[in-house]
Amino acid sequence: MIARMKSSIVAALAFAGVAAQAETVAIVHARAWTLTSDAPVDDATIVVTDGKIVSVAAGGSAPPSVRLLDAKGRPVTPGLMQAASQLGLVEVGAASETVDHTIKPGSPGQPGAGFDVQYAVNPNSSLIQVARADGLTRAVTYPGGSGVAPFSGSAALLHLLERGDIVERPRIGVFVSIGNRSASATVGSRAAQWQSLRNALDTAKAGAGTPPARGAVKSADSIALELVLEGKIPLAISTQRASDLRQAAGLARDYGIRVIVLGGVEGWMVADELAAAKIAVVLDPTANLPYSFDELGARLDNAAILQQAGVTIAMTLGGVQSYNAGSSLREGAGLAVANGLPYVEGLRAITSAPAKIWGVDDRSGTLAPGMDGDLVLWDGDPLEPSTLPIAVLVQGREVSLVTHQSRLRDRYLPLLPR
Amino acid sequence: MQRTTLWRRRGAGLAALTLVATSVLGASRPMPDFAADPYPSTYRPLPAADMLIVGVTVLDGAGARIDGAEVLMRGGRIVSVGRGLPRTGATVIDGKGRWLTPGIIDVHSHNGTFVLPLTSLDQKSSDVSEISDPNAAGTWVEHAVNAQDPAFAVALSSGVTTLQVLPGSTPLFSGRSVVVKPVPAPDVYAMKFPGAKQGLKMSCGENAKSYFGEKGEAPNSRQGEIAIVRDAFLRAKHYREEWREYSRGKSKQAPERDLELDTLVGVLEGTIPVHMHCYRSSDMAVMLEVADELGFHISAFHHAADAYKIPEQLRSHGTCIAVWSDWWGFKMELLDAIRENAAMVDAGGGCVMMHSDSPIVGQRLTIEAAKAAAAGRRAGIAIPPEHLIQWVTSTPAKVLGLGDRIGKVAPGFNADVVIWSGDPFSIYSHADQVFVDGALAYDRSKPAPPPDFALGRPEMEDVR
C-alpha cells in the first residue's frame, strides 16, 4: 500500500513537471559524439542521473538496475539547439491571430528593444511537439519585428521540456534587423538604420546608472539596451551584406558589446574581420541564391569559410526554422559538410556552438559530466536527412515522439489499399 | 485556311500550327488546335561527343538498379545500358564509386518569373502570375520568363535537366505553363523543350478566395471558387460547340477568338494537361468530382498535403500528386500535411512526384525524396532507391507528356543524364556531371560560366 502510494506520488510529481527524480538511465553501446573532442567515443556507455550526464566512457559499464537503452553502435549526439527560431510564438503563419512574434507597426506606446516575447511563449505549440520529436531540445525564440526600427525586440531561451514552463531564460538577447529587407518596412536608408541603432545605444548609455526620475519607471527598451551595453546579453543583428557585416564589427568595437550576426550571407567576404571582432554567425547553410541585392554573394561554402577563419557558426534555415526546427538543422549541417565544413563542426554548429553563442554551454551542447541529460539516439548518420531519431531524452527522460502528424499517420495507415 | 491568320505567326510558327480535320462529311473548315504553339522552340543541343560511362551504379528511372554498369550515349541519345558493352571509340568516363540517374525533372518551378534578386518592384507587381482576375487562363507564363534568372544555372548544377515553369496560384485559372531546359540562353525560346505540351495551372482552396475576397471581389469562398470554375468550363463547352458548328459549315461566322476559352477547350480536349494547386483532401475530392462532371482530367495535384486520406480516389482518376517531403503548418490547409504522405500514396498504388516550388528546394529534389522515403520507412513502407528515383525522373516525365523521351536511362531516350559523386539520396553527394541531350552542360570540376547578372560583380564571380 505504501509502495503504491509512493509510486503514485512520484507519478503525480512527474506529471506536475518536477525535474526527474533520482532516476538513472544508461545508454550502452553508443557511438557518442561528445563534441568535447573531434572524434566520437565508440561503444560508449552514457549514464544520466537526475537529469544530468554523470559519465560518458568507452566500454564503460552501466550501474546495476537502471533503465538501459541499447544503442547497438548507433550514434548519440547532444540534443539539437536552434540558435534563432520563432518556436512558441507562431502556430499557423497565415492565421495572424496565432502569430505572437511581431507587433503591428504603429501600435501606440509599443516597445522596441524591450519587446519581450517571453510572455507569449506557448509550450503546447504543435511546432514544439514536432521539433522535440525531431531531437531539438533547446531553442532561442526571437521576435519578428517590434515596429520600432531597427529593433525586433528581446529573445527568450527555451528548454523544450515536455511539461511545465519552457522559458529557461527570458531576455537572452536583443535582436535588430538591418538591410534592404528592413528598409521598406522601417526608416528607409540603411544609414539611418545604423544611426537609429547607435543613437539608441548612446541614449541608453547616457541613462545607464541613472535612477529614473521620481515617480517614473525605466522603460523595457532602456533596460534591454543597458543589458547589452553591460555585456550581459548580446546584440543579434540580422543582416546580410558584407558592408553591413563590417558595420556590425565596427559597432561591436565602438561600444564594446557582444554582437551576433543572424544571416551573414556575405560573411565569407569579411570572415577575418568577423573573427577578429569575435562575432558569431547564425547562418542559413542552404542560402546560395541572390534573393536580394544584399545577398548577391550567397554561396554554399559560407559556413566552411567562416569556420575556417575562426568564426563560431550556428545554423538556422529560413522558412522552416520553426516548422521543421529540428530536422532542418541536420539537413543544413549536412549540406555545409558536403560543401567543405569538417563533419564534427557540422555537428557542433547545431549543438555546442549555439549553446556557446547563447551562453548555455555550461549546461548543454556537449556530452560531458554535469551537462543536462538532453541527448538523441539516431538510426544513422545524424547529418543525413534520411536519418531518424530513435529516442530523444530531455533531462534524462525519454520524451514522447507522438505528434499531430504521427497520430494522423497512425489513423490513416491501416486504411491504405494495399 | 484563311482562319489560320487568327493565330499570331512567328517565323516557322505557321508550320507548327496543326489543323485537325473534322470527320463530318462535307466539312468545309478544320477545327483549330487549341493547344497549338505559335512560339516554337529554338533550342539547339550543344555538340555531343560519344560517351561511354563505365563502372557506375545506374538507377535507370524505369525501376531498375544496375551496379557496375556501362552507359553508352551517342548523338544526344542513350544507345545502350548494361554490362560488357563493346568499346566503340567513345570517350570513356570512369564512373567507379559514382551513381548515374536520368536528369532530374522539376514539375513545379517559378524560375524565370520569380527572378532573383527580388526587389520592391516584384512586391508591387510580380511576374509569377497575372492577378487582376481569378481567371487568367489566357495568359502564357512563357511570355514572362526571364532566361537570365540565376536560379536556372543553379538548378542545372544540381542535376535538373527539365523544369516546368508554372504560373502562381493566386488565380483559379493561373495560365499556361512552359517546359524548359535550364541551359544558358538569351531568351525563353532557346530554352523551351521542343514539342513539349503546355499545361494549365489551376488552383483551389485558400489562395484565390483570400486574395480576391480581401479586395471585395469574387471569389470569397470555396463554393464561389467552384462556381467560377464550373461557369468557365460551361462557357468553354459552348465555345467549342460554336467552333464545331462553324467547322461543319452550319454557321458562316467564325466565333470570336477568346484566349481564356481556347485554353479551357484545350483542357476539355485533353491536349492541355491540368496541374492543380490543392492542399486539402476535401478540396481535391471536390475538384475530382467537378472534373468528372465537366469532362476533363486532372493530371496532378500540386502540394496535395493530405493526399494520403484519399489514395483510392487519386488512383482511380489517374491523378498524380506533386509534393514536398515535410512542409506543413504555415497555412490552415497545410495542417494535416504529414511526412509519410508521399510514401503512403505510393504504397496505395498512387502516382507520386516530388516538386520544389522554390529554387532552394529545387536543388535537392533527391533529398526531398530521401526524406519522404525515410518517413515511409518509419511507417513500415520500404521504398528502394531504384523505385524512389522515379518520383523525380520518369513519373514527372510521363505527367509532362514526355515519358517516351526523358526520365529514363534507356535506349532511344534523350541523353539527359546525371553522374553523381555518390548515392543521389545522400546529402553529401554532388552532381559531378550533367548531360543534356548528350552534351556536357555542367561539370563540377570546371567553374560554370556565371549567369549574365553575375558578370563583373565581384561578390558573384568568386574574386577572392
Side-chain angles (χ1 to χ4, degrees), chain A residues 90-95 126-127 130 180 183-184 241-242 266 268-269 286-299 305 317-320 322-324 327-328 330-331 333-335 337-339 379 381 383-388 403-406 408-410 412-413 415-418, chain B residues 116-120 123 150-151 154 206 210 306 308-309 311-312 315 325-340 344-345 347-349 358-361 363-364 367-368 370-371 373-375 377-381 425-430 453-454 457-460 462 464:
Chain A
V90 57
E91 195 63 27
V92 179
S126 59
L127 285 72
V130 169
N180 65 10
S184 56
R241 202 172 77 179
E266 292 192 344
W268 62 274
M269 297 176 76
T286 67
N288 70 334
L289 284 166
Y291 264 89
S292 73
F293 271 93
D294 280 9
E295 296 160 277
L296 297 187
R299 47 192 290 165
I305 295 170
L317 274 69
V320 286
S322 301
Y323 285 94
N324 291 317
S327 57
S328 64
R330 296 192 294 116
E331 181 174 349
L335 187 66
V337 169
N339 289 279
D379 72 358
D381 176 353
L383 300 191
E384 278 287 8
S386 55
T387 292
L388 299 167
T403 63
H404 173 65
Q405 298 170 1
S406 74
L408 282 165
R409 173 196 66 208
D410 295 344
Y412 285 92
L413 194 56
L415 306 178
L416 267 192
R418 280 202 256 185
Chain B
L116 306 179
L118 298 172
T119 69
S120 51
Q123 273 178 351
V154 169
E206 280 172 26
S210 315
D306 52 2
Y308 62 90
K309 295 180 184 175
E312 184 52 31
R315 197 195 55 74
S325 65
D326 56 10
W327 288 17
W328 70 281
F330 53 84
K331 320 173 55 165
M332 286 305 291
E333 54 193 9
L334 251 178
L335 280 188
D336 284 0
I338 68 173
R339 295 173 185 170
E340 293 83 356
M344 284 172 66
V345 171
S358 136
I360 294 285
V361 175
Q363 297 170 49
R364 281 178 289 284
I367 298 302
E368 283 295 290
K371 288 191 287 181
R377 184 176 83 228
R378 177 152 60 180
I381 299 169
F425 300 110
S426 164
I427 192 75
Y428 306 121
S429 297
H430 296 270
F453 177 80
R457 298 184 189 276
E459 318 89 313
M460 303 187 78
D462 197 12
R464 266 190 283 157

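A quick note: this is a predicted structure, and the numbers were derived from the prediction, not measured. Reckoned from all heavy atoms, side chains included, excluding hydrogens, waters and symmetry mates. Lettering of chains follows the sequences in order, A, B, ..., and the numbering in each one begins at 1.
- Minimum interatomic distance between Ser386(A) and Ala370(B) (heavy atoms only, all atoms of both residues): CB-O, 3.9 Å.
- Considering every non-hydrogen atom in both Pro385(A) and Lys371(B), the closest pair reads CB-CG, 3.6 Å.
- In this structure, the portion of Phe453(B) lying under 4.5 Å from any heavy atom of chain A is its side chain and not its backbone.
- Neither the backbone nor the side chain of Arg315(B) comes within less than 4.5 Å of any heavy atom of chain A.
- If you measure heavy-atom distances from Glu384(A) to chain B, the contacts under 4.5 Å come from both the backbone and the side chain.
- Only the side chain of Ile367(B) comes within contact range of chain A, with heavy atoms under 4.5 Å apart.
- Of the two parts of Pro359(B), the backbone and the side chain both hold a non-hydrogen atom closer than 4.5 Å to a non-hydrogen atom of chain A.
- Annotation: ring-ring contact (aromatic ring centres under 6.0 Å, His included) contacts of Tyr412(A) (sequence neighbours excluded): Tyr308(B).
- Annotation for Asp326(B) and Asn324(A): closest pair O-ND2, 2.9 Å, computed over non-hydrogen atoms.
- Residues Pro290(A) and Leu116(B) come closest through the heavy atom pair O-CB, 3.5 Å.
- Checked against the 6.0 Å centroid criterion, the rings of Trp327(B) and Tyr323(A) do not qualify as a close aromatic pair.
- Thr119(B) pairs by the side chain to side chain contact (heavy atoms under 4.5 Å, CB included) definition with Phe293(A), Leu121(B), Asp122(B), not counting sequence neighbours.
- When all heavy atoms are compared, the tightest approach of Leu296(A) to Pro117(B) is CD2-CG, 4.3 Å.
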With side-chain contact (heavy atoms from CB on, under 4.5 Å) as the test, would you mind laying out the steps for Asp379(A) and Arg377(B) before giving the verdict? CA-CA 11 Å; Asp379(A) 72 358; Arg377(B) 184 176 83 228; 2.8 Å; yes
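- Neither the backbone nor the side chain of Ala454(B) comes within contact range of chain A; no heavy atom of the residue lies under 4.5 Å from a heavy atom of that chain.
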